[in-house]
> 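Handing you a structure now.
As the structure is a computational prediction, the values presented were derived from the model and not from experiment. We use all heavy atoms of the structure for the numbers below, so side chains are in, but hydrogens, waters and symmetry mates are not.
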Amino acid sequence: MCASLRTTSLSLFTFVCTLIGVCTLIGAMVPLAAAQETRLWTQSRFEEFEKGTPQGVAIGSDGRLLQGPALKELVTTPSTFVWSVATSKSGTAFLGTGAPASVLRLEKGEKPFPLFESKDLSVQAIEVGPDGAVYAATVPSGKVYKLDATATAKIDEQKATVVFDAASIDGAKSTETDGATTDKSDAKSHYIWDLTFDTAGRLYVATGGPGAVYRVDVTRAGSKPELFFKSDEQHIRTLAWDAKGNLIAGSDGSGLVYRISPEGKGYVLFEAPRREITSVAVGADGTVYAASVGDKSHNPLPPLPVQGIGAITITIVQPGSLQAANASTSVPEGTELYALKDGQAARKLWSSKDDIVYALAARPDGVLALSGNRGHIFRIQENGDYADVAHLEAQQGLCVARGSGAELLIGTGNTGKLFSLGAAEKHEYASDVLDAGALARFGRVEIEPGSSGYELWTRSGNVEQPVRGWSNWTPLKDGAVASPAGRFLQWKAVLTANGTIGSVGVNYLPVNAAPVVDEVVVVPGARLNVQSPAAGQQTVNIALPSTTQNAGVSFDAGSNGPIQAIKDKSAITVRWAAHDDNGDDLTYALYLRGDGEHVWRQLKDDLTDKAYSFDATLIPDGGYQIKVVASDAPSHTPGDALTSERVSDRFEVDTTPPVVNDLTAAEEASTCTQANCTKPVHVSFAAADAASPIAHAEYSLDAGPWKFVAPVGELSDSKSEHYDFKVQVPESKAGEHLLTVRVYDRYENVGVAKTVFTTTK
């Protein structure tokens, strides 16, 4: 964690809130009864304003925008994480980083200087001592190095002075409350989470595995570490001082907040419902703030080590600790922030399911909470109100330290950057983008009563990204949007001194767009039946050209999937697909026109389904087309309604069976073999159809099985065909015989004829 802030009187910025009456706010989008009515796009809640882009603007939990601090990027480091930041009296900043592990020195106006580099995983904690030296703790080796802050060449870990080495502690002594000393050689730790100095210049080291706090008197040369406080927790994660010289410590394991006296006696102030205390801070009035995360029932984190690099968004430094910025789904949901006051029960001040708080800083106007994995900075007040005061250009805000004046320094992870948080020169907020769904005209803007000290601007366009050919920012004109009509709109609020703005609603009216009939399919010989087909009935799947056919899908006129119809040659089914960009309700009319005709004749009007069946026997045989006309009249006044149409491909209607003419059957001379004699019968007939070619013909002798017969020339491709063939009748069956023929056209209409003939022996 960053160097502790030892003063709480430093003011970062001042929030000025105007108390107003309670207003009833409209939701994000007002549901409309009819599509032609004016719509209202409103942003009024914290969650809605979070979708926008603030610059020097804080988003209050009450759904109001007010002036906030400015966030300025100072440097992007070569590392993935900036775990800790500390500053010297002269204002020089020192950054402890991870992946790779280093200490960077940053002086105003200069590039970062690599003061120290380690082969460890990260420089987890860093402090500037009273002597001006930089103290850097590395993990997982568990060493604290003393570095010359003014060195002009990079210091490697072999040449740096080690003032604390957890792996080599042996025989360390701890001062108990009764003044006795006890051997603590069993308390060896290899992970260091935090560093801090007391007023006497002594260094305190928070360790893990097991959790303990060691004290090193770095003011005396050769001073050895002593065990100041031992805990039965797995880790001591974070340290802070109260005004009485007590050390406040947060643990990982049971989520404990300790108050440790100057003599090293620990007292548990609070046990959090969650497993880990990620940060503690102490306010000017002595209130202790503690951020807690994690589920006590299990440890969701994977084993170590996991080396973080630029392409990896997770680095875990110790099993059982959430100290590392973690973007994986194994991170316990959210954070709970508690306020602890002497003589009062712990109070949950704030919670979030989406943000993990890594660092706290107590300020006069509220406690600041740096979070991941959305990179937000929250300001939380004693009454539970909160505001999102800045958005980091990184996934995690990891540490905070005091900069020059009222400025704060913020270290981040994914990527490792350093930001300054201070007074803003401008206070602007750009809203989320409205997608009207179609070209729209924009009207008056409704602002929540009580808003003041603001200017509102808008811009519009017809592509989703504002950088691609949108209009310029334009101020409102007489309270209405002056930007041109477009599909997309964005507004911007510019706050002046003490400015604040609440709910913002934009009235708009989508310009009516004509409906579109996308596809039309006509299927002769099929009839829609919403009910399940009866047993034995053949079915037909009717699919639009743009969809894949799926057998067995039941009829649904509102769907573009295949529908099922009953096979019925006396019916015709029309199916179509249509849409309206405005989302208007549509009705449909069907028109019919035959070959050579010029007038469309109405079949059906006021349809709401997208499929229709009608009786084919009502129209003569021949070629036809069907026109589908879609209208958005149900959603508009008669003068504003629009229509569109689409004409089907040509299809044929043929319900008349072919005619069989000149059917004759004549006996010819017998032909005999050794086995028997047969009597050839010469059969001939003609078949004709008025509308479609003859498909095939069959004959049956004496009600026997049907047998195929080919026309003369064998090719059946004409509306009239002639058939000439012989039927062999055994002499043993001499006598009267029945010959039946049937002829099919292409639409399975059948014509039947019969003749009776006699054979002799």
> So which heavy atom on A578 is nearest to which on K610, and how close?
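Minimum heavy-atom separation between A578 and K610: O-NZ, 3.1 Å.
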> Find out whether Y591 and I626 are in side-chain contact, i.e. whether some heavy atom of one side chain is under 4.5 Å from a heavy atom of the other.
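Sidechains of I626 and Y591: no contact.
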> With side chains defined as the heavy atoms from C-beta onward, is the minimum distance between T664 and V683 less than 4.5 Å?
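Side chain of T664 against side chain of V683, heavy atoms only: no contact under 4.5 Å found.
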> Heavy-atom distance under 4.5 Å between the side chains of E667 and T760, does that happen here?
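Yes, their side chains come closer than 4.5 Å.
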> Using the salt bridge (Lys or Arg N to Asp or Glu O under 4.0 Å) rule, take R45 and E50 through it: C-alpha gap first, then chi angles, then the decisive distance, then the call.
CA-CA 9 Å; R45 297 183 294 113; E50 280 281 86; over 6 Å; no
> Are P466 and R459 side-chain neighbours, meaning at least one heavy-atom pair lies under 4.5 Å?
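In short, these two side chains touch, coming nearer than 4.5 Å.
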> If you measure only the distance, is there a donor-acceptor pair under 3.5 Å linking the side chains of T617 and S570?
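T617 vs S570: no donor-acceptor pair found between side chains.
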> Looking at Y429, W457, F442, Y508, which one forms a ring pair (Phe, Tyr, Trp, His ring centres under 6.0 Å) with W491?
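Exactly one candidate clears the test, Y429.
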> Does the side chain of V506 reach to within under 4.5 Å of the side chain of L40, using non-hydrogen atoms?
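SC-SC contact between V506 and L40 ruled out.
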> Do N512 and D632 have a side chain donor and acceptor closer than 3.5 Å?
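There is such a pair between these side chains.
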> Using the side-chain hydrogen bond (donor to acceptor under 3.5 Å, both in side chains) rule, pick out the option among R441, R39, E446 that qualifies with N507.
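Passing option: E446.
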> With a 4.5 Å limit on heavy-atom distance, are the side chains of E668 and K679 in contact?
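No, side chains not in contact.
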> If only side-chain N and O atoms count, and only distance matters, is there a donor-acceptor pair under 3.5 Å linking H376 with D354?
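Note: D354 and H376 side chains miss the donor-acceptor criterion.
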> Could you tell me whether the side chains of H737 and T759 share a donor-acceptor contact shorter than 3.5 Å?
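Side-chain D/A pair, H737 to T759: present.
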> Between the side chains of R527 and D568, is the shortest nitrogen-to-carboxylate-oxygen separation below 4.0 Å, so that they form an ion pair?
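Yes, charged N to carboxylate O under 4.0 Å.
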> Below 4.0 angstrom, N of the basic side chain to O of the carboxylate: do R746 and D689 qualify?
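So R746 does not pair with D689 through a salt bridge.
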> Taking atom CD as the centre, does Q728 end up with more than 12 heavy-atom neighbours from other residues, nucleotides or ligands that are less than 6.0 angstrom away?
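For Q728, atom CD is crowded (more than 12 foreign heavy atoms under 6.0 Å).
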> Ignoring hydrogens and geometry beyond distance, is a side-chain donor-acceptor pair present between Y624 and E652 at under 3.5 Å?
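Y624 vs E652: no donor-acceptor pair found between side chains.
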> Where is the tightest heavy-atom contact between D432 and W41, given as atom of each residue plus distance?
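Scanning both residues completely, I find the closest heavy atoms to be O-CH2, 3.1 Å.
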> Is there side-chain contact between P658 and I694, with heavy atoms separated by less than 4.5 Å?
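Result yes, sub-4.5 Å side-chain heavy-atom pair found.
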> Checking side-chain polar atoms at under 3.5 Å, does N373 have a donor or acceptor matched by the opposite partner on Q396?
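Looking only at side-chain atoms, Q396 and N373 do form a donor-acceptor pair, the distance falling under 3.5 Å.
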> If you look at every heavy atom in A438 and D581, which pair is closest and at what distance?
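For A438 and D581, the tightest heavy-atom pair comes out as CB-O, 4.3 Å.
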> Do we see a donor-acceptor contact under 3.5 Å between the side chains of T655 and D621?
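Yes - a donor-acceptor pair under 3.5 Å links their side chains.
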> Would R742 pass as a cation-pi partner of W706, given that its NZ or CZ must be under 6.0 Å from the six-membered ring centre and within 45 degrees of the axis?
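Here R742 passes the 6.0 Å and 45° test against W706.
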> Are side-chain heavy atoms of E519 and R575 found at a separation under 4.5 Å?
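No, too far: nothing below the 4.5 Å cut-off.
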> For E597, is there an ion pair with R601 - N to carboxylate O distance below 4.0 angstrom?
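Yes.
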> Consider only side-chain N and O atoms of S692 and D654, and report whether a donor and an acceptor are under 3.5 Å apart.
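Yes - a donor-acceptor pair under 3.5 Å links their side chains.
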> Run the ring pair (Phe, Tyr, Trp, His ring centres under 6.0 Å) check on Y699 and Y723 step by step: do they pass?
CA-CA 11 Å; Y699 77 91; Y723 297 85; over 10 Å; no
